[in-house]
Amino acid sequence: MDYLSGLNENQRAPVEHIEGPIMVIAGAGSGKTRVLTYRIAHMINSGIDPFNILALTFTNKAASEMKQRISTIVGDGEAKNIAMGTFHSVFAKLLRYNSERLGYPSNFTIYDTQDSRSLIKTIIKELKLDDKEYKPASVHGRISSAKNNLISPEEYANNAEIVGEDRMSRRPLIYQIYKIYMQRCFKAGAMDFDDLLYQTNVLLRDFPEVLHYYQQKFKFVLVDEYQDTNYSQYLIVKKIAAVYENICVVGDDAQSIYSFRGANIQNILNFKKNYPDYQLYKLEQNYRSTKNIVEAANSVIAKNQDQIKKDVWTENDKGAHIKVVKCLTDNEEGRVITNKIFDVKQSTGAEYSDFAILYRTNAQSRSFEESLRKLNMPYKIYGGLSFYQRKEIKDLIAYFRLTANPNDEEALKRVINYPKRGIGNTTMEKIIIAAQQYDVSLFDIMSDFVRYPVSIGSAAQKKIIDFVTMVKSFGADLDRVPAFDLAQRIATSAGILKNLHDDKTPEGVARYENIQELLAGVKEFSISNRDAENNSLSDFLIDVALLTDADKDNEDDKNKITLMTIHASKGLEFPHVFIVGLEENLFPSQLSINSRTELEEERRLFYVAVTRAEKTCTLSHVQSRFRFGQIISSEPSRFIDEIDEQFVEHENAYSDKATAGRSLNSDRKFRGGLNAPGPRTNGFSTRNLKKIDSTPNTGGGTTETLKVGYNVVHERFGKGKVTGLEGAAPNQKATVFFPRVGQKTLILKFAKLTISED
DNA sequence: ATCAAGGCTTTTTTT
DNA sequence: AAGCCTTGAT
């Protein structure tokens with residue numbers, strides 16, 4: 001397949017540059033994903049073993065789409081062996097194999113944000129601190145950013161600057177909360193999201209043999225959206241790539257929008273320092289958008305001080321102006337935008353899936369949902385309260401978690417009395433105190449009242465013992481029984497199915513259906529990983545903990561209008577984009593307008609939003625909006641004025657047609673987890689074979705000159721015949737015809753080629 | 001131990 | 001407006 005011809009010269013250069021450190025600065029719409037995809041395909045076609053490739057993407061969906069596309073070029077069997085996914089999911093799986101070295105169980109739990117906050121809240125209470133001053137969410141933010149900068153609790157406590165900041169904000173004891181939080185997570189056998197990166201760093205730092213193993217395994221490293229990596233991620237990549245320095249990072253500083261979770265543009269600048277002989281490539285031609293859109297976006301981003309200069313341009317048509325629509329209220333905004341979508345669809349024959357409504361905050365989706373539902377237009381909301389965050393789903397998953405890891409304190413607290421089994425707060429308080437006294441987990445106390453006496457009545461003790469016995473019996477099946485069968489058993493025995501089935505209210509019925517859907521998801525996971533080694537219920541839990549809404553699109557969602565935050569839209573594109581709620585204090589956010597750097601991040605966010613559009617881009621703002629249960633009057637966003645006026649057209653909104661009524665939430669569908677990579681299969685024997693040339697790491701050895709006409713065997717492509725040679729060692733390439741897979745041009749130092757004697 | 005009522009905060013953005 | 005938590009009654 002002649003995949004290289006689908007690229008322009010600028011794109012082709014980094015695709016063919018496989019070795020050594022390279023950085024690709026890719027403007028919006030310049031074909032960045034295409035470059036990454038083809039580069040990986042090209043590497044594999046050149047003979048690089050997919051097992052040696054680590055590719056880190058921003059979402060799991062991006063990873064699975066890229067894998068899909070690579071498969072069509074190099075074949076399914078090849079692509080599935082690439083380690084590809086988000087930092088969090090790739091390293092969660094890596095930790096699964098190595099966590100015991102760090103003192104964590106291999107079935108460690110992944111705490112989500114809610115778990116982390118709940119634990120922090122508990123600690124604040126135990127320390128008898130005022131939770132008005134010590135708000136769990138913001139304490140968690142401090143801890144999270146410490147972890148993302150690899151600052152341990154001890155270092156935190158000894159860092160005068162950090163502790164000084166805490167003192168200034170009248171929360172001098174955060175260092176103590178941090179320390180206890182880490183200890184409690186460790187005791188619970190739990191890692192939070194930040195730990196997945198933090199503990200990976202600890203692992204690679206303290207276990208040289210592990211570092212060495214992954215340095216040899218991942219000889220080629222690629223990182224997408226490099227501008228949004230934080231220090232912790234940066235260091236992982238740097239360590240793994242330290243031996244071969246075959247590292248390719250791709251990013252765009254103008255699209256850096258995640259500094260709130262530790263992303264650091266400094267990483268782009270550090271790249272030059274760490275790899276002085278790196279090669280820089282720039283992709284500046286935009287293939288996505290009209291001239292008006294590209295230039296309008298340029299005119300806004302030019303207002304930022306912090307940026308790497310580049311010149312994004314396009315050969316596309318001029319296209320329509322950017323439209324700015326003014327509305328009275330948020331409800332009118334919903335109707336006006338919805339009507340516009342209807343009109344454009346009628347007049348141009350566009351599909352529903354050609355439209356996206358993008359907003360700054362999830363809460364803004366409401367008015368659009370209402371209007372779309374009234375007009376019967378199909379839509380899909382991404383983000384917000386996702387399927388996995390629903391109470392009933394979290395409840396059942398908590399049982400799964402407890403089964404895999406009985407020390408998981410947050411899961412235990414969640415389900416100990418759900419469904420109601422008469423184990424109330426008073427009882428739990430006593431158990432918690434005992435656990436502190438004996439320095440063991442809650443589950444340990446509950447498992448052995450003889451060894452750990454607690455003053456609880458015998459009736460309550462019996463109930464607890466029943467619960468513990470049940471959980472233990474689930475645990476006994478963990479590695480014996482397929483994930484789905486165990487999940488089904490848990491849902492039944494724990495009484496969840498019955499409890500929800502008895503609830504005949506519409507909400508109860510919906511919850512029951514959601515549980516059924518989760519179970520169906522486990523079933524799908526079980527089936528698609530039937531032959532893999534990572535197919536237990538605890539493997540399912542890893543997937544579930546790290547899945548997001550964007551990762552689980554299904555068939556039913558194909559032709560629908562997209563509603564999402566701008567953050568979630570990164571990397572996507574739509575013919576018609578509506579950016580709504582362009583008002584001061586909303587976009588830019590109220591919390592950002594007092595600092596230049598934060599305001600510039602909001603501006604980059606606006607840049608990202610505008611550059612999602614292919615054909616038309618419409619902005620809207622309202623005069624008064626409902627917020628915090630109050631009507632707030634709003635001024636148009638400064639970003640509207642910052643667009644060079646030659647690209648803009650102002651428009652009056654439709655008149656406000658009054659409508660009334662409100663209905664239920666939209667349905668969101670659930671689909672099962674990601675496929676874990678299967679076992680490696682390689683049907684070739686190495687008998688009668690002589691090794692030629694060398695992989696980059698091995699020095700001498702017996703090598704023999706390859707000649708045209710020789711029969712050769714490739715580890716994965718099978719037998720073939722050399723039809724051509726070009727270049728000289730060490731960069732010699734051979735064209736080989738393989739009857740099984742066709743003609744390939746192999747780079748000899750990568751391709752594991754052997755001359756066949758027969 | 002459980003439930004209902006009333007008061008309170010909450011909204012950036014996400015793995 | 002909605003969800004969460006505390007409070008107080010049973």
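Here the structure is a predicted model, which is why all the values come from computation and not from measurement. Reckoned from all heavy atoms, side chains included, excluding hydrogens, waters and symmetry mates.
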**Student:** Tell me the interatomic distance from Ile416(A), atom CD1, to dA1(B), atom P, rounded to whole angstroms.
**Tutor:**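 Computing the Ile416(A):CD1 to dA1(B):P distance gives 12 Å.
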**Student:** Side chain of Lys135(A) only, heavy atoms from C-beta on: which candidate in dT13(B), dT15(B), dT10(B) is closest?
**Tutor:**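 Given the options dT13(B), dT15(B), dT10(B), the side chain of Lys135(A) is closest to dT10(B).
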**Student:** Using salt bridge (charged side-chain N to carboxylate O under 4.0 Å, His left out) as the criterion, list what pairs up with Arg596(A), not counting sequence neighbours.
**Tutor:**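 Scan of Arg596(A) (salt bridge (charged side-chain N to carboxylate O under 4.0 Å, His left out), adjacent residues dropped) gives Asp306(A), Glu600(A).
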**Student:** Thr565(A) has a side chain; which of dA1(C), dT15(B), dT13(B) sits nearest to it?
**Tutor:**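 Comparing dA1(C), dT15(B), dT13(B) against the side chain of Thr565(A), the answer is dT13(B).
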**Student:** Measure from the side-chain heavy atoms of Lys420(A) and tell me the nearest of dT2(B), dT15(B), dC5(C).
**Tutor:**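 Nearest nucleotide to the side chain: dT2(B).
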**Student:** Grab the CZ-P distance between Phe628(A) and dG3(C) for me, whole Å please.
**Tutor:**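 From Phe628(A) CZ to dG3(C) P: 16 Å.
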**Student:** Let's go through His567(A) and Tyr258(A) carefully: what are the C-alpha distance in whole Å and the side-chain angles of both, what is the deciding distance for ring-ring contact (aromatic ring centres under 6.0 Å, His included) to 0.1 Å, and is it a yes or a no?
**Tutor:** CA-CA 8 Å; His567(A) 281 90; Tyr258(A) 278 94; 5.1 Å; yes
**Student:** Hey, which of these two, Asn417(A) or Arg627(A), hits DNA chain B nearer its 5' end, going by closest nucleotide?
**Tutor:**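 Its nearest nucleotide being more 5', the pick is Asn417(A).
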**Student:** If the cut-off is 4.0 Å, is Lys121(A) near the phosphate of dC5(C), judged by side-chain N/O to OP1 or OP2?
**Tutor:**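 True: Lys121(A) side-chain N/O within range (under 4.0 Å) of dC5(C) OP1/OP2.
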**Student:** With Met182(A) as reference, evaluate Ile177(A), Asp195(A), Asp192(A) under the side chain to side chain contact (heavy atoms under 4.5 Å, CB included) test and give the passing residue.
**Tutor:**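 Of the listed residues Ile177(A), Asp195(A), Asp192(A), the side chain to side chain contact (heavy atoms under 4.5 Å, CB included) partner of Met182(A) is Asp195(A).
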**Student:** When we call it a touch if two heavy atoms are under 4.0 Å apart, what does Asp194(A) touch: a base, just sugar-phosphate, or nothing?
**Tutor:**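 The residue Asp194(A) makes no contact with any strand.
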**Student:** Across the strands shown, which category fits Lys570(A) at heavy-atom distances under 4.0 angstrom: base, sugar-phosphate, nothing?
**Tutor:**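 No contact at all - Lys570(A) keeps every heavy atom at 4.0 Å or more from the nucleic acid.
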**Student:** Whole Å only: how far is the CG atom of Leu605(A) from the P atom of dT14(B)?
**Tutor:**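 Answer to the nearest Å: 10 Å.
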**Student:** Counting distance alone, no hydrogens or angles: does the base of dT15(B) have a donor or acceptor under 3.5 Å from a partner atom on the side chain of Thr113(A)?
**Tutor:**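 Check passes, donor-acceptor contact within cut-off.
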**Student:** Among dA1(B), dT15(B), dT14(B), find the nucleotide with the atom closest to the side chain of Thr426(A).
**Tutor:**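 Of the options given, the side chain of Thr426(A) lies nearest dA1(B).
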**Student:** Report the nucleotide, chosen from dT2(B), dT14(B), dT6(C), that has the shortest atom-to-atom distance to any side-chain atom of Arg261(A).
**Tutor:**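 Nucleotide nearest to Arg261(A)'s side chain: dT14(B).
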**Student:** Taking dT13(B) as the reference, what is the distance to dC4(C) when you measure between their C1' atoms (whole Å, please)?
**Tutor:**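 That atom pair is separated by 22 Å.
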**Student:** When you check the phosphate oxygens OP1 and OP2 of dA1(B), does a side-chain N or O of Lys463(A) lie under 4.0 Å from one of them?
**Tutor:**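 Looking at the OP1 and OP2 atoms of dA1(B), neither is under 4.0 Å from any side-chain N or O of Lys463(A).
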**Student:** Could you give the distance separating dT6(C) and dT11(B) at their C1' atoms, to the nearest angstrom?
**Tutor:**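 About 23 Å, rounded to a whole number of Å.
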**Student:** To the nearest angstrom, how far is Arg117(A) atom CZ from dT14(B) atom P?
**Tutor:**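 So the two atoms are 12 Å apart, to the nearest Å.
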**Student:** Can you check the Gln364(A) CD to dA1(C) P distance for me, whole Å?
**Tutor:**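 Answer to the nearest Å: 18 Å.
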**Student:** Take Ala460(A) and Leu591(A), find for each the nucleotide of DNA chain B with the closest heavy atom, and name the residue whose nucleotide sits nearer the 5' end.
**Tutor:**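 The residue mapped nearer the 5' terminus is Ala460(A).
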**Student:** Parallel, tilted or perpendicular: which describes the rings of Phe91(A) and Phe87(A), with under 30° parallel and over 60° perpendicular?
**Tutor:**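 Tilted: the ring planes of Phe91(A) and Phe87(A) meet at 30° to 60°.
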**Student:** Given dT11(B), dT15(B), dA1(B), identify the nucleotide with an atom nearest to the side chain of Thr427(A).
**Tutor:**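 It is dA1(B).
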**Student:** Using whole Å, what does the distance between atom C1' of nucleotide dT15(B) and atom NZ of Lys147(A) come to?
**Tutor:**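 In whole Å, dT15(B) C1' and Lys147(A) NZ are 13 Å from each other.
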**Student:** For dT14(B), is there a stacking contact with Tyr258(A), counting only centres under 5.5 Å and planes under 30°?
**Tutor:**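 One would not call Tyr258(A) stacked on the dT14(B) base.
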**Student:** Nearest-Å distance, OH (Tyr382(A)) to P (dT15(B))?
**Tutor:**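 My rounded result for the distance is 14 Å.
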**Student:** Measuring from atom CG of Leu586(A) to atom CD of Glu635(A), what distance do you get when rounded to the nearest 0.5 angstrom?
**Tutor:**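 Answer for the CG-CD pair, Leu586(A) versus Glu635(A), is 13.5 Å.
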**Student:** I want to check one thing: is the phosphate of dA1(B), taken as OP1 and OP2, less than 4.0 Å away from some side-chain N or O of Asn425(A)?
**Tutor:**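 False: Asn425(A) side-chain N/O out of range (4.0 Å or more) of dA1(B) OP1/OP2.
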**Student:** Extract all donor-acceptor atom pairs below 3.5 Å that involve side chains of residues 111-118 of chain A and protein atoms in other chains or at least two apart in sequence.
**Tutor:**
from: Asp112(A); atom 1: OD1; to: Gln114(A); atom 2: N; distance (Å): 3.0
from: Asp112(A); atom 1: OD1; to: Asp115(A); atom 2: N; distance (Å): 2.8
from: Asp112(A); atom 1: OD2; to: Lys394(A); atom 2: NZ; distance (Å): 2.5
from: Gln114(A); atom 1: OE1; to: Lys394(A); atom 2: NZ; distance (Å): 3.4
from: Asp115(A); atom 1: OD2; to: Asp112(A); atom 2: N; distance (Å): 3.0
from: Asp115(A); atom 1: OD2; to: Arg401(A); atom 2: NH1; distance (Å): 2.9
from: Asp115(A); atom 1: OD2; to: Arg401(A); atom 2: NH2; distance (Å): 3.3
from: Ser116(A); atom 1: OG; to: Asp112(A); atom 2: O; distance (Å): 3.3
from: Ser116(A); atom 1: OG; to: Tyr181(A); atom 2: OH; distance (Å): 3.0
from: Ser118(A); atom 1: OG; to: Glu410(A); atom 2: OE1; distance (Å): 2.4

**Student:** Roughly how many Å is it from CD in Gln389(A) to C1' in dT11(B), rounded to a whole number?
**Tutor:**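 Roughly 14 Å, once rounded to whole Å.
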